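What you are looking at is a predicted structure, and each value in this text was computed from that prediction instead of being measured.
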Amino acid sequence: DGDLPPFQNKEKLYDIVFFGSCIEQGDRIDWLTEINKTHPVKIFSWNAPDWSKKGFDAEGAVYGVAFMEKVAQSKIVLGFSVDPRTCGYWSNRVGKVLLAGGFLLYQYAPGMELFLRDGAEYFGSVQEANEKIDYYLKEEIARDRIADRGLSIARERFTSKARVADLMILVERYLKKGD
């Protein structure tokens with residue numbers, strides 16, 4: 001809710017990072033394994049040893065200010081949901097990355113473009129992810145422009161005040177119509 005400032009203009013220590021669990025759901029393990037062959041991925045996760053066993057450079061999870069700082073130190077933050085085919089569903093880390101001022105490259109889920117618009121970049125295959133990683137690692141200005149747009153969208157849409165306002169629309173409709 002704006003209590004933590006974005007950590008922009010930090011030295012970039014990581015090319016590509018992923019913040020998330022090593023779980024056998026969705027495409028994350030298979031796709032990250034393939035991406036990691038071309039572009040090494042740094043992972044921060046509560047179950048980092050499981051990622052390490054799969055050949056990743058992994059450390060423990062980071063939260064709050066430490067999370068925001070790691071995002072700011074990263075050129076590209078990869079994102080995956082448990083089920084990318086579910087319309088309107090994605091990880092809560094989407095908002096956290098955008099609010100930290102990070103550049104988010106996310107496995108597309110239907111409806112993301114309606115909420116995130118051009119504040120993130122999307123991919124639908126390992127090949128597309130690798131192509132976009134190649135491009136955005138080189139194109140700092142393009143990467144920063146999207147991250148800045150994402151931060152603006154997140155400040156408008158990913159706060160408790162904004163989410164409660166959305167919820168109140170539903171509550172009002174329910175109270176008036178009972179449906």
Side-chain angles (χ1 to χ4, degrees), residues 4-23 26-48 50-63 65-82 84 90-109 112-113 115-155 158:
L4 299 171
F7 288 83
Q8 294 175 309
N9 302 319
K10 282 283 198 177
E11 178 185 359
K12 302 299 183 196
L13 304 177
Y14 310 102
D15 281 346
I16 305 156
V17 298
F18 174 71
F19 300 92
S21 305
C22 185
I23 56 173
D27 301 313
R28 75 175 64 187
I29 292 175
D30 293 339
W31 288 25
L32 281 168
T33 299
E34 289 303 310
I35 292 167
N36 195 51
K37 291 176 182 177
T38 308
H39 303 95
V41 178
K42 175 70 174 185
I43 296 183
F44 296 93
S45 175
W46 68 271
N47 60 350
D50 294 340
W51 284 112
S52 295
K53 288 176 191 171
K54 295 184 178 299
F56 289 90
D57 177 9
E59 292 182 23
V62 289
Y63 304 98
V65 173
F67 172 84
M68 295 180 82
E69 187 151 26
K70 293 295 183 195
V71 169
Q73 294 171 335
S74 304
K75 293 178 182 175
I76 298 172
V77 178
L78 289 176
F80 291 86
S81 296
V82 172
W90 51 83
S91 170
N92 67 342
R93 280 182 297 277
V94 167
K96 292 177 181 182
V97 169
L98 297 182
L99 282 168
F103 174 83
L104 181 64
L105 178 59
Y106 207 88
Q107 182 186 21
Y108 176 77
M112 291 186 89
E113 75 287 355
F115 201 82
L116 305 179
R117 305 204 165 150
D118 56 350
E121 191 56 69
Y122 312 98
F123 63 92
S125 68
V126 171
Q127 178 182 349
E128 185 180 13
N130 279 325
E131 289 169 0
K132 289 187 175 188
I133 289 168
D134 285 337
Y135 176 78
Y136 286 110
L137 283 176
K138 296 175 200 162
E139 298 297 330
E140 182 178 353
I141 293 171
R143 192 176 67 233
D144 288 347
R145 185 173 50 245
I146 292 170
D148 289 345
R149 178 72 174 125
L151 177 59
S152 175
I153 291 168
R155 284 182 173 163
F158 280 96

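Within 6.0 Å of the CD atom in Gln127, the count of heavy atoms belonging to other residues, nucleotides or ligands does not exceed 12. Shown here is Glu140, whose CD atom has no more than 12 heavy atoms of other residues, nucleotides or ligands within 6.0 Å.
Between Phe19 and Phe44, the angle of the ring planes stays under 30°, which puts this pair in the parallel group of the 30/60° scheme. Using cut-offs of 30° and 60° on the angle between ring planes, the pair Phe158 and Phe115 is perpendicular.
Among all heavy-atom pairs drawn from Ser91 and Phe80, the shortest one is CB-O, 4.2 Å. In this structure, Asn36 and Gly55 approach most closely via the heavy-atom pair ND2-O, 3.6 Å. For Gln107 against Met112, the heavy-atom pair with the smallest separation is O-SD, 3.8 Å. Of all non-hydrogen atoms in Ala109 and Glu113, the two that sit nearest each other are O-OE1, 4.5 Å. Contact between Ala58 and Ala48 at its shortest, heavy atoms only, is CB-O, 3.6 Å. Heavy atoms only, all atoms of each residue included: Leu137 and His39 are closest at CD1-CD2, 4.2 Å.
Phe56 has its side chain within reach of Thr33: a pair of non-hydrogen atoms, C-beta onward, lies under 4.5 Å apart. The closest side-chain heavy-atom distance from Leu32 to Trp51 is below 4.5 Å. Two residues are said to be in side-chain contact when any heavy atoms from C-beta on lie closer than 4.5 Å; Val82 and Arg28 meet this criterion. Residues Val97 and Phe103 have side chains not in contact (no heavy-atom distance under 4.5 Å, counting atoms from C-beta outward). With contacts defined as side-chain heavy-atom distances shorter than 4.5 Å, the pair Glu131/Phe123 does not qualify. Annotation: side chain of Arg117 is in contact with side chain of Ile153 (closest heavy-atom distance under 4.5 Å).
Looking at Ser21, its side chain never comes within 3.5 Å of a backbone N or O of Ile23 through a donor-acceptor pair. Looking at Ser45, its side chain does come within 3.5 Å of a backbone N or O of Gly20 through a donor-acceptor pair. No donor-acceptor pair under 3.5 Å is formed between the side chain of Asp57 and the backbone N or O of Lys42. For the pair Lys132 (side chain) and Tyr122 (backbone), a donor-acceptor distance under 3.5 Å is present.
At a threshold of 4.0 Å, the pair Glu121-Arg143 does not count as salt-bridged, since none of the basic side-chain nitrogens sits closer than that to a carboxylate oxygen.
Separation of atoms CG (Asp144) and NZ (Lys75) is listed at 11.0 Å; rounding is to 0.5 Å. Interatomic distance, CD1 of Ile35 versus CG of Asp30, reported as 11.0 Å (0.5 Å rounding).
Just one of Asp15, Leu105, Thr38 meets the side chain to side chain contact (heavy atoms under 4.5 Å, CB included) condition when paired with Ile133; it is Leu105.
The ring-ring contact (aromatic ring centres under 6.0 Å, His included) test applied to Tyr63 returns no partner, not counting sequence neighbours.
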